[in-house]
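Here's the structure, in structure tokens; my notes come after.
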Amino acid sequence: MKLRFYISLFITLCTLSVAAQKAELSVAVSKNKLGLNQRLRIEYSINKQGADNFKAPDFTGFDVIQGPSQSVSQSWINGKVSFSQSYSYILKPKRRGELIIQPASIKINGSTIDSKMMKIIVTEPIATPDNPNDPDYIAEQNIHLVAEISKSRPYVGEGIYVEYRLYVSENVSVYDTSVTEAPQYNGFWNQEIKINGFPVKMGKYNGENYRYIVLQKALLIPTKTGRLTIDPMKMDIVIGVPTGRADFFGNVITKNIKKDFSSVKKVVQPKSLPLEGKPENFTGAVGQFNFEVSLSKDILKANESSQIKVAVNGRGNLKLFELPAVKTPKELETYQPERKESVRITSNGLSGSFSDTYTVVPQYKGKYKLPDISFSYFDPKTEQYNTINTDDLYVDVLEGKELITTTENTAVQQKNVVSSGKSFRYIQTKTELEIKDDSDFYQSNLFYILLILPLLFIPLAILIGKNNEKRRSDVVGLRLRKAEKLAKKYLSEAQKQLGKKEAFYEALERALHNYLKAKLGVETADISKENITLILEKRAISDATIKQFIDVLKASDFARYTPVTDTEMKQEYERAKKVIVELDKQL
């Protein structure tokens with residue numbers, strides 16, 4: 001008796017749960033875009049029991065190849081009951097263009113519910129092979145390896161993402177995958193984002209429903225402007241495809257094939273950071289940041305230590321710029337800072353914080369001021385530079401040695417004027433005039449010297465002419481001198497910017513590109529490291545010289561985002577000068 005009661009209660013609860021759902025007639029199509037010679041499947045579903053009198057639309061512009069096929073399903077999972085009654089059709093378009101499928105309707109509890117309209121785009125007939133059941137053709141139509149980037153025109157230093165997805169239709173099965181060639185990210189600082197497992201998701205590709213998994217995801221930060229390419233990912237995939245035949249029991253027979261797939265090459269064109277409003281203390285920080293300078297102790301004794309912490313936190317290219325340095329009075333002994341980082345890479349980019357901690361030890365009693373520090377960054381969302389200024393900090397040393405200061409008596413003392421041959425004299429009151437020498441220039445010693453002097457220049461001119469002729473006949477030396485002059489011409493702007501890191505390396509890279517453009521007649525779009533190597537190899541340039549040229553370009557890219565000294569910049573200038581001279585000799 002009790003068992004019947006519980007069964008009745010269970011059925012009642014299930015019925016009430018289904019009845020509590022809001023009735024809805026949904027519609028789904030297998031593809032929104034298809035060729036004139038293709039077919040699509042459309043399915044209408046009602047999520048509540050008791051519906052009847054389903055009325056399909058006229059399907060204007062389509063031929064109904066099959067349908068309606070009706071099915072009913074009901075499930076109970078974790079206390080939740082779901083119900084679905086569906087009606088499906090197979091349609092073939094009659095003409096090209098934009099076709100509209102009008103709403104269907106169904107009646108439930110005396111009221112009529114309508115579905116949504118569907119828009120279908122029909123294109124020219126799709127080319128198909130002689131054998132549509134060819135396994136290779138089926139695999140190509142049902143599996144797609146796709147690379148998707150979050151932004152194609154970021155700023156230099158702005159993080160973007162590339163995600164590699166494998167789309168698989170429900171018509172085939174994937175049994176095994178292996179990456180045969182990983183993508184390359186030349187021109188980017190990159191970091192792979194860890195993916196926990198490979199959960200299967202539902203999505204659309206070219207308007208059709210697909211299952212897909214995310215194979216790989218990476219954070220990319222462009223380090224220079226220009227046309228940067230992301231090379232394809234290549235994979236081998238073992239696929240089970242239907243053969244079009246069935247076994248004795250009516251089950252579809254599948255065939256396993258191994259096929260290689262490749263994603264499409266992606267192009268990213270980073271933009272230069274604007275020059276307008278660029279602060280002088282900008283060191284390449286791009287993102288959204290907070291900046292803080294703090295002091296662990298501001299009251300202490302001589303020889304006690306205190307820590308000055310300079311910290312940045314937020315989201316952006318946290319690993320690609322330097323923190324501003326702390327300037328302290330000479331009476332405070334300051335040690336090299338200790339760097340601490342807490343940066344994590346997530347699906348939203350680089351976020352976290354990093355800091356420099358300086359240890360200072362005062363030597364004398366007194367109150368010392370630590371000047372304010374400013375930090376600037378570029379926000380790509382607002383496309384503006386922001387500067388954060390901190391307040392002055394003070395260290396009060398209560399005990400310790402007194403700082404000895406010397407004072408000088410600056411009072412003006414009157415002294416008697418001492419007359420000498422090299423100083424001012426008193427005003428003379430008497431004159432001592434002498435007769436002026438009015439000798440004639442003609443036939444004077446100077447006259448004869450100037451007369452003979454041109455004759456002495458004749459052998460000197462002959463000597464200079466012979467020397468010039470000898471220099472012109474020295475072909476190797478002449479080419480070397482021309483090459484050195486040409487290198488100085490192209491590198492003149494970079495030489496002016498020595499000591500200014502970012503401006504120097506921009507001018508250096510521009511000089512190398514301008515030299516290639518002028519010497520080889522290539523366009524700016526063709527100047528990439530790969531194209532440069534191919535062009536120079538065609539000109540029979542030695543491998544060592546090509547490697548030196550590429551190394552200088554790579555060093556310029558890297559040095560913009562790393563601290564360098566003036567000595568290193570001078571060395572890089574000499575390397576660039578040497579490689580241009582060597583190139584010009586061989587060209």
Which atom of [X] lies closest to which atom of [Y], heavy atoms considered:
| X | Y | value |
| --- | --- | --- |
| Asn37 | Pro125 | OD1-CA, 3.4 Å |
| Pro183 | Asp231 | CB-O, 3.3 Å |
| Thr223 | Trp189 | CG2-N, 3.8 Å |
| Gly240 | Asn256 | CA-OD1, 3.5 Å |
| Asp114 | Pro103 | CB-CB, 4.4 Å |
| Lys31 | Ile120 | O-CD1, 3.8 Å |

Does a side-chain heavy-atom distance below 4.5 Å link [X] with [Y]?
| X | Y | result |
| --- | --- | --- |
| Phe261 | Leu166 | no |
| Lys266 | Val268 | no |
| Phe54 | Gln85 | no |
| Asn32 | Met118 | yes |
| Gln102 | Thr60 | no |
| Leu220 | Ile230 | yes |
| Gln269 | Ser152 | no |
| Arg575 | Gln548 | no |

How long is the span from the [atom1] atom in [X] to the [atom2] atom in [Y], to the nearest 0.5 Å?
| X | Y | atom1 | atom2 | result |
| --- | --- | --- | --- | --- |
| Arg165 | Lys217 | CZ | NZ | 8.5 Å |
| Gln216 | Ser263 | CD | OG | 10.0 Å |
| Asp63 | Lys92 | CG | NZ | 7.5 Å |
| Ser115 | Ile42 | OG | CD1 | 7.5 Å |
| Ile106 | Lys48 | CD1 | NZ | 12.5 Å |
| Leu34 | Leu91 | CG | CG | 9.5 Å |

(message) Could you go through Ile546 and Glu537, starting from their C-alpha distance and side-chain angles, then the distance that decides it, and tell me whether this counts as side chain to side chain contact (heavy atoms under 4.5 Å, CB included)?
(response) CA-CA 8 Å; Ile546 296 174; Glu537 285 177 349; 3.6 Å; yes
Would you say the side-chain atoms of [X] pair up with the backbone N or O of [Y], donor to acceptor, closer than 3.5 Å?
| X | Y | value |
| --- | --- | --- |
| Ser150 | Tyr161 | yes |
| Asn317 | Gly284 | yes |
| Thr283 | Glu322 | yes |

Give a yes or no on whether a salt bridge exists between [X] and [Y], defined as a side-chain N under 4.0 angstrom from a carboxylate O.
| X | Y | value |
| --- | --- | --- |
| Arg96 | Glu124 | yes |
| Glu140 | Lys259 | yes |
| Lys547 | Asp543 | no |

(message) Could you walk me through whether Tyr167 and Ile143 satisfy the side chain to side chain contact (heavy atoms under 4.5 Å, CB included) test, starting with their C-alpha distance in whole Å, then the side-chain angles of each, then the deciding distance to 0.1 Å, before giving a yes or no?
(response) CA-CA 6 Å; Tyr167 286 90; Ile143 293 183; over 6 Å; no
Relative to each other, are the rings of [X] and [Y] parallel, tilted or perpendicular (30° and 60° limits)?
| X | Y | result |
| --- | --- | --- |
| Phe289 | Tyr377 | perpendicular |
| Phe375 | Phe321 | tilted |
| Tyr44 | Phe59 | tilted |

Regarding [X] and [Y], do their side chains bring together a donor and an acceptor under 3.5 Å, going by distance alone?
| X | Y | value |
| --- | --- | --- |
| Asp379 | Gln288 | yes |
| Asn281 | Ser376 | yes |
| Ser71 | Ser86 | yes |

Heavy atoms of other groups near [X] [atom1], more than 12 under 6.0 Å:
| X | atom1 | result |
| --- | --- | --- |
| Asn53 | CG | yes |
| Glu170 | CD | no |
| Lys204 | NZ | yes |
| Lys278 | NZ | yes |

(request) Quick one: do Leu215 and Leu145 satisfy side chain to side chain contact (heavy atoms under 4.5 Å, CB included)? Show the steps, please. (result) CA-CA 10 Å; Leu215 297 170; Leu145 180 58; 3.7 Å; yes
(request) Establish, for the pair Lys201 and Tyr212, whether the NZ or CZ atom is under 6.0 angstrom from the six-membered ring centre and no further than 45 degrees off its axis. (result)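 Cation-pi check for Lys201 and Tyr212: fails.
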(request) Take Glu158 and Lys271 through the side chain to side chain contact (heavy atoms under 4.5 Å, CB included) test and state the conclusion after the steps. (result) CA-CA 10 Å; Glu158 180 184 1; Lys271 299 181 289 186; over 6 Å; no
